[in-house]
Trainee: 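Sharing a structure below in structure tokens format, with a few things to ask.
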Amino acid sequence: MELSLFSLPLEVRERIYEFYLAFNHNDFEDTLRPQHVYIDDGGPAHTRPLPAAMLACKALYRELVPAVHAQAAVRVLSRGWGDRRIGFAFHGTLRLERLERLLLLLTAEHPQWNGWLSFFAAVLERAPRLDTLLVDWTPRPVADVGWRDRVNLKKEEEFVALVAALPNLRHLYVYGDIPARWMAMLDKAAPHVVHRRFRWWREPGLD
């Protein structure tokens with residue numbers, strides 16, 4: 001007997017959709033001027049093709065629409081101190097005001113806060129409906145001594161304040177080797193906080 005997708009429980013279908021809609025590195029549109037490209041007004045709308053399944057039938061379209069339009073990913077890609085690119089991955093049309101789930105992916109060896117934090121603040125300011133934030137953190141821990149540590153602490157506090165100010169945030173997932181001091185602050189930034197030491201993002205060749 002042929003098994004229809006819609007004969008499966010909704011919870012199972014949602015898990016299938018989650019895997020189907022997962023982003024990969026080829027989905028990101030990177031730029032050296034993210035503020036100008038994604039934030040400043042007056043530019044063209046950012047659109048990507050809708051997932052093919054949405055065009056298969058109306059029932060699938062209706063079930064996929066909420067997830068497709070409500071999620072996106074931001075990647076900070078560093079190829080050296082002078083080359084920091086930031087890009088979005090999304091399906092359909094990117095509208096920050098309707099985002100409910102956002103992934104922040106940092107691939108740099110060092111935090112390099114000044115290269116992305118102000119842009120990320122502008123994104124969060126325009127995403128008041130955000131319910132879930134997932135942070136995938138690659139940078140190595142900064143030594144907790146000297147002026148570098150003082151600068152890093154200030155930026156950690158700024159990041160926590162941005163997250164805590166989100167009016168509808170309920171879930172915060174943090175992956176990577178996060179310093180205990182910063183994690184203690186993040187634990188208070190949302191009602192439900194989960195921390196895992198491993199990376200969330202699967203790099204090419206490790207799938």
Side-chain angles (χ1 to χ4, degrees), residues 18 22-23 25 28 30-32 34-35 38-39 70-89 96 99-204 206:
E18 182 178 343
F23 300 114
H25 278 290
F28 288 92
D30 297 319
T31 176
L32 292 169
Q35 184 77 25
Y38 292 111
I39 301 300
Q71 67 176 348
V74 178
R75 180 180 66 179
V76 181
L77 179 64
S78 177
R79 297 174 178 170
W81 287 101
D83 187 352
R84 288 188 295 273
R85 301 171 186 268
I86 297 177
F88 266 100
L96 300 179
L99 289 182
E100 297 178 11
R101 177 182 171 87
L102 181 64
L103 162 65
L104 172 63
L105 174 64
L106 287 109
T107 66
E109 185 177 1
H110 304 283
Q112 301 181 16
W113 297 96
N114 291 335
W116 61 271
L117 188 57
S118 61
F119 170 75
F120 188 63
V123 171
L124 295 188
E125 182 181 357
R126 290 159 175 78
R129 297 177 58 182
L130 208 61
D131 170 89
T132 301
L133 176 62
L134 193 155
V135 179
D136 192 49
W137 186 262
T138 303
R140 297 180 302 179
V142 176
D144 56 354
V145 292
W147 68 270
R148 289 183 183 275
D149 177 60
R150 293 192 295 271
V151 172
N152 201 60
L153 173 59
K154 180 181 178 182
K155 295 301 182 180
E156 289 173 353
E157 292 173 340
E158 289 180 16
F159 183 91
V160 172
L162 292 174
V163 174
L166 291 168
N168 293 302
L169 187 71
R170 294 188 302 158
H171 306 285
L172 173 62
Y173 299 93
V174 183
Y175 291 82
D177 190 10
I178 303 294
R181 176 186 67 189
W182 190 25
M183 198 61 235
M185 291 188 285
L186 288 170
D187 280 336
K188 303 174 183 178
H192 180 236
V193 181
V194 175
H195 178 213
R196 297 286 186 266
R197 288 287 179 182
F198 53 84
R199 292 284 310 283
W200 180 85
W201 187 267
R202 290 182 294 179
E203 297 294 340
L206 300 179

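Heavy-atom basis, side chains included; hydrogens, waters and symmetry copies ignored.
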Trainee: Could you state the interatomic distance from NE2 (His192) to OG1 (Thr132), rounded to the nearest 0.5 Å?
Mentor: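 Output value for this atom pair is 10.0 Å.
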
Trainee: Please report the C-alpha distance between Val135 and Phe159 in whole Å, then the side-chain angles of each, then the deciding distance to 0.1 Å, and finally whether the side chain to side chain contact (heavy atoms under 4.5 Å, CB included) criterion is met.
Mentor: CA-CA 11 Å; Val135 179; Phe159 183 91; 4.1 Å; yes

Trainee: Is any NZ, NE, NH1 or NH2 atom of the basic residue among Lys154 and Glu157 found under 4.0 Å from an Asp or Glu carboxylate oxygen of the other?
Mentor: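 No, Lys154 and Glu157 are not salt-bridged.
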
Trainee: Less than 4.5 Å apart, any side-chain heavy atom of Gln71 and any of Glu100?
Mentor: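 They are not in side-chain contact.
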
Trainee: Can you tell me how far apart CD (Gln112) and CG (Leu106) are? Round to the nearest 0.5 Å.
Mentor: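 Rounded to the nearest 0.5 Å, the CD-CG separation comes to 9.5 Å.
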
Trainee: Can you find a side-chain donor-acceptor pair between Arg75 and His25 that sits under 3.5 Å?
Mentor: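 Arg75 vs His25: donor-acceptor pair found between side chains.
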
Trainee: Got a sec, which residues hit salt bridge (Lys or Arg N to Asp or Glu O under 4.0 Å) with Lys188, two or more places apart in sequence or on another chain?
Mentor: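 Partners of Lys188 under the salt bridge (Lys or Arg N to Asp or Glu O under 4.0 Å) test: none.
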
Trainee: Shortest non-hydrogen contact from Leu130 to Leu102?
Mentor: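 That closest heavy-atom pairing would be CD1-CB, 3.7 Å.
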
Trainee: What distance do Arg129 atom CZ and Asn168 atom CG have between them, rounded to the nearest 0.5 Å?
Mentor: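 Here the interatomic distance stands at 9.0 Å.
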
Trainee: Can you name the nearest heavy-atom pair linking Phe28 to Val74, along with the distance?
Mentor: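 So the minimum-distance heavy-atom pair works out to CE2-C, 4.1 Å.
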
Trainee: Which label fits Trp137 and Trp113: parallel for a plane angle under 30°, tilted from 30 to 60°, or perpendicular past 60°?
Mentor: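 Ring orientation, 0 to 90° scale: tilted.
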
Trainee: Show the nearest heavy-atom pair for residues Leu32 and Arg85, with the distance to one decimal.
Mentor: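 Minimum heavy-atom separation between Leu32 and Arg85: CD2-CG, 3.6 Å.
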
Trainee: Show the nearest heavy-atom pair for residues Val76 and Trp116, with the distance to one decimal.
Mentor: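 It is CG2-CB, 3.7 Å.
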
Trainee: Would you check if the side chain of Thr138 reaches a backbone N or O of Ala108 as a donor-acceptor pair within less than 3.5 Å?
Mentor: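 Flag not set: sc Thr138 to bb Ala108 has no pair under 3.5 Å.
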
Trainee: Would a distance-only check, ignoring hydrogens and angles, find a side-chain to backbone donor-acceptor pair under 3.5 Å from Arg197 to Ile178?
Mentor: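 It does hold such a pair.
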
Trainee: Measure up the Tyr175 and Trp200 rings against each other and bin them: parallel (under 30°), tilted (30 to 60°), perpendicular (over 60°).
Mentor: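 Tilted, since the angle between the ring planes falls between 30° and 60°.
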
Trainee: Determine the interplanar angle of the Phe119 and Phe88 rings, folded into 0 to 90°, and report it as parallel if under 30°, tilted if 30 to 60°, perpendicular if over 60°.
Mentor: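 Phe119 and Phe88: perpendicular rings.
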
Trainee: If you look at every heavy atom in Ala127 and Leu166, which pair is closest and at what distance?
Mentor: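 Heavy atoms of Ala127 and Leu166 come nearest at O-CD2, 4.1 Å.
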
Trainee: Among Glu156, Lys155, Arg148, whose side-chain hydrogen bond (donor to acceptor under 3.5 Å, both in side chains) with Asn152 holds?
Mentor: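 Going through Glu156, Lys155, Arg148 one by one, the side-chain hydrogen bond (donor to acceptor under 3.5 Å, both in side chains) with Asn152 is satisfied by Glu156 alone.
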
Trainee: State the OH-CG distance between Tyr38 and Leu96, to the nearest 0.5 angstrom.
Mentor: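 Atom-to-atom, Tyr38:OH and Leu96:CG are 10.0 Å apart.
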
Trainee: Verify side chain to side chain contact (heavy atoms under 4.5 Å, CB included) between Val193 and Met183, making sure each step is shown before the conclusion.
Mentor: CA-CA 10 Å; Val193 181; Met183 198 61 235; 3.7 Å; yes

Trainee: Start with the C-alpha gap between Val174 and Trp182, add the side-chain angles, then the distance that decides, and say whether side chain to side chain contact (heavy atoms under 4.5 Å, CB included) holds.
Mentor: CA-CA 11 Å; Val174 183; Trp182 190 25; over 6 Å; no

Trainee: Run Leu134 and Arg101 through side chain to side chain contact (heavy atoms under 4.5 Å, CB included) and show every step you take.
Mentor: CA-CA 8 Å; Leu134 193 155; Arg101 177 182 171 87; 3.9 Å; yes

Trainee: From Phe120 CZ over to Ile86 CD1, what is the distance, rounded to the nearest 0.5 angstrom?
Mentor: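 Phe120 atom CZ to Ile86 atom CD1 measures 10.5 Å (nearest 0.5 Å).
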
Trainee: Ignoring hydrogens, what is the shortest heavy-atom contact between Ala190 and Leu169? Give both atom names and the distance.
Mentor: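 That would be CB-CD2, 3.9 Å.
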
Trainee: Just by distance, do the side chain of His195 and the backbone of Asp177 share a donor-acceptor pair under 3.5 Å?
Mentor: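 The answer is no, because no donor-acceptor pair under 3.5 Å joins these two groups.
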
